[in-house]
Every structure is written in structure tokens, then in C-alpha cells.
Colleague: 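Please see the structure below; I have some questions.
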Amino acid sequence: MTNYYHIENQQLSAQEAQFTLHLDPSCDVYKGHFPTRPIAPGACSLEMIRQCACVALNEQVRFMNIKQCKYLLPLEPGIHSILDLRLTWDENTINAVLKWQEQIVIKLKVSRS
């Protein structure tokens with residue numbers, strides 16, 4: 001399922017990418033997790049970051065090993081619908097920081113293939 005968000009803006013450079021993402025609060029994936037207070041499932045957040053990494057690197061990216069993953073703010077699509085994602089990478093590692101306004105939502109460091 002890929003209709004739970006879309007990329008509104010992107011800026012790409014050799015070792016860094018910035019994305020503005022929009023979550024679709026009407027998507028069923030949020031309604032099922034949890035019915036009285038919908039939040040983005042962690043797996044969906046990781047997949048969203050992985051898909052943006054594919055765009056930034058212009059190749060298929062697989063997360064081989066999660067070295068660090070911190071969820072610092074529950075992601076409520078009805079409230080946190082516009083997000084900023086910053087990706088940096090080298091040959092083996094991708095670092096991601098997902099923010100809502102100035103608050104960090106997720107910090108991620110993964111090895112990739």
C-alpha cells in the first residue's frame with residue numbers, strides 16, 4: 001500500500017536529500033491503527049523512508065540492518081500531516097530524520113544493500 005502519503009517536494013544532492021511529505025489521514029491504514037486515535041504504524045513510517053531513499057539514490061534500496069531507530073513522537077496523520085524528511089548517506093549507511101515542524105518524529109540509521 002503506497003497511498004498513505006505522497007511527496008510534495010524534494011531537493012536532491014550528491015549525499016543528501018530533503019523531502020516534504022503529506023500523509024493522507026483518510027487512508028485506511030491509519031484507521032485500523034488505532035480506531036479511536038489513528039497513528040501511523042511504525043512499519044509504514046519505515047517504508048515511507050525507504051521509498052524516499054529509493055528516489056534520492058535512484059535505485060532500489062533495501063534496509064539490511066537497523067542500527068538505530070528511535071520513535072520520538074506518535075505520528076497522528078490528522079495532526080502531523082505535513083512532514084520533513086532529511087536523508088544523508090554513504091556507501092553503506094543511510095541516516096534519516098523525520099520531523100513535524102521542528103519536532104523530531106523518527107531518527108533512523110540503517111545499513112543498506
Side-chain angles (χ1 to χ4, degrees):
M1 177 183 296
T2 58
N3 62 345
Y4 56 95
Y5 82 98
H6 67 269
I7 298 171
E8 287 195 350
N9 190 24
Q10 63 189 35
Q11 295 176 336
L12 309 175
S13 66
Q15 299 290 290
E16 182 177 336
Q18 302 272 351
F19 293 89
T20 303
L21 307 173
H22 182 263
L23 302 183
D24 179 3
S26 67
C27 182
D28 288 340
V29 73
Y30 302 123
K31 293 176 185 173
H33 192 273
F34 298 94
T36 59
R37 185 179 176 203
I39 63 170
C44 290
S45 300
L46 291 177
E47 177 60 12
M48 180 173 60
I49 293 169
R50 189 196 67 79
Q51 289 177 6
C52 288
C54 291
V55 171
L57 294 163
N58 195 31
E59 64 184 55
Q60 278 299 327
V61 173
R62 290 179 52 202
F63 291 169
M64 298 304 290
N65 180 31
I66 296 176
K67 297 178 179 185
Q68 175 188 28
C69 184
K70 293 184 181 181
Y71 291 87
L72 301 167
L73 179 71
L75 193 51
E76 299 179 64
I79 298 169
H80 312 112
S81 61
I82 304 295
L83 302 169
D84 294 308
L85 174 62
R86 180 177 181 260
L87 298 173
T88 57
W89 59 86
D90 60 28
E91 186 176 317
N92 302 312
T93 305
I94 296 173
N95 295 291
V97 177
L98 184 67
K99 290 184 176 183
W100 173 69
Q101 297 180 352
E102 292 301 314
Q103 295 182 47
I104 296 175
V105 177
I106 298 171
K107 288 177 78 172
L108 178 69
K109 182 176 186 175
V110 297
S111 60
R112 67 181 179 110
S113 67

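Along the sequence shown, the residues carry numbers beginning at 1.
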Colleague: With Pro77, which of Cys44, Pro25, Ser26 fulfils side chain to side chain contact (heavy atoms under 4.5 Å, CB included)?
Modeller: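 For Pro77, the side chain to side chain contact (heavy atoms under 4.5 Å, CB included) check succeeds only for Pro25.
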Colleague: For residues Leu23 and Leu75, determine if any side-chain heavy atom of one lies less than 4.5 Å from a side-chain heavy atom of the other.
Modeller: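 Leu23 vs Leu75: side chains touch.
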Colleague: Without placing hydrogens or testing angles, list every side-chain donor-acceptor pair under 3.5 Å for residues 8-15, not counting sequence neighbours.
Modeller:
from  : atom 1 : to    : atom 2 : distance (Å)
Ser13 : OG     : Glu16 : O      : 3.1

Colleague: Give the minimum heavy-atom separation between Leu73 and Trp100, together with the two atoms involved.
Modeller: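 Reported closest heavy-atom pair: CD2-CE3, 4.2 Å.
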Colleague: Nearest 0.5 Å, please: how far is CD1 in Ile94 from CZ in Arg50?
Modeller: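 Rounded to the nearest 0.5 Å, the CZ-CD1 separation comes to 9.5 Å.
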Colleague: If you take all heavy atoms of Gly42 and Tyr71, which pair is closest and at what distance?
Modeller: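 The answer is O-OH, 3.2 Å.
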Colleague: Locate the shortest heavy-atom distance separating Tyr30 from Pro38; write the atom from each residue and the value.
Modeller: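 Scanning both residues completely, I find the closest heavy atoms to be O-CB, 3.3 Å.
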Colleague: Sequence neighbours excluded, which residues qualify as side chain to side chain donor-acceptor pair (under 3.5 Å) partners of Gln101?
Modeller: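 With neighbours one apart ignored, the set is empty.
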Colleague: Distance check, rounded to the nearest 0.5 Å: Asn95 atom CG versus Leu87 atom CG?
Modeller: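 Separation between the atoms: 9.0 Å.
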Colleague: Should Asn3 and Asp24 be marked as a side chain to side chain contact (heavy atoms under 4.5 Å, CB included) after you check the CA-CA gap, both sets of side-chain angles, and the distance that decides it?
Modeller: CA-CA 7 Å; Asn3 62 345; Asp24 179 3; 5.7 Å; no
Colleague: Look at the side chain of Tyr4 and the backbone N and O of Ala40, then say whether any donor-acceptor pair between them is shorter than 3.5 Å.
Modeller: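 Checked: no pair found.
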Colleague: Rounded to the nearest 0.5 Å, how far does CZ of Arg86 lie from CG of Leu98?
Modeller: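 Nearest 0.5 Å value for the CG-CZ distance: 13.0 Å.
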Colleague: Hey, could you give me the CD/OG distance between Glu59 and Ser113, rounded to the nearest 0.5 Å?
Modeller: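 Atom-to-atom, Glu59:CD and Ser113:OG are 8.5 Å apart.
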Colleague: Going hydrophobic residue to hydrophobic residue with side-chain gaps under 4.5 angstrom, can you get from Leu108 over to Val97?
Modeller: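 Not linked; separate clusters.
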Colleague: For Asp84 and Thr20: C-alpha separation, side-chain torsions, deciding distance, then whether side chain to side chain contact (heavy atoms under 4.5 Å, CB included) applies.
Modeller: CA-CA 5 Å; Asp84 294 308; Thr20 303; 3.6 Å; yes
Colleague: Are there more than 12 heavy atoms of other residues, nucleotides or ligands under 6.0 Å from atom NZ of Lys70?
Modeller: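 Result for NZ/Lys70: open.
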Colleague: Could you give the distance from CD1 (Ile104) to NZ (Lys99), rounded to the nearest 0.5 Å?
Modeller: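 Answer for the CD1-NZ pair, Ile104 versus Lys99, is 5.5 Å.
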Colleague: Stepwise, does the side chain to side chain contact (heavy atoms under 4.5 Å, CB included) test hold for Cys52 with Leu21?
Modeller: CA-CA 10 Å; Cys52 288; Leu21 307 173; 3.7 Å; yes
Colleague: Do the side chain of Arg112 and the main chain of Asp90 share a donor and acceptor less than 3.5 angstrom apart?
Modeller: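 Answer holds: yes.
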Colleague: Check the pair Met48, Leu85 against side chain to side chain contact (heavy atoms under 4.5 Å, CB included), reporting the backbone distance first and the verdict last.
Modeller: CA-CA 10 Å; Met48 180 173 60; Leu85 174 62; 5.9 Å; no
Colleague: Using the rule that two of Ile, Leu, Val, Met, Phe, Trp, Tyr join whenever any of their side-chain heavy atoms come within less than 4.5 Å, decide whether Tyr5 and Ile82 are in one cluster.
Modeller: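 No: no chain of side-chain contacts under 4.5 Å links Tyr5 to Ile82.
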Colleague: Tell me whether Asn65 contacts the main-chain N or O of Lys67 through its side chain, where contact means a donor paired with an acceptor under 3.5 Å.
Modeller: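 Not confirmed, Asn65 side chain does not pair with Lys67 backbone.
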Colleague: Give me the atom names and distance for the closest heavy-atom approach of Leu46 to Phe63.
Modeller: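 Nearest pair, atom of Leu46 first, then Phe63: O-CE1, 3.7 Å.
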Colleague: With the 4.5 Å side-chain cut-off for hydrophobic clustering, are Ile66 and Leu72 part of the same group?
Modeller: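 Each belongs to a different hydrophobic cluster.
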Colleague: Mind checking the CD1-CD1 spacing from Ile106 to Ile49? Nearest 0.5 Å is all I need.
Modeller: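 Between atom CD1 of Ile106 and atom CD1 of Ile49 there are 4.5 Å.
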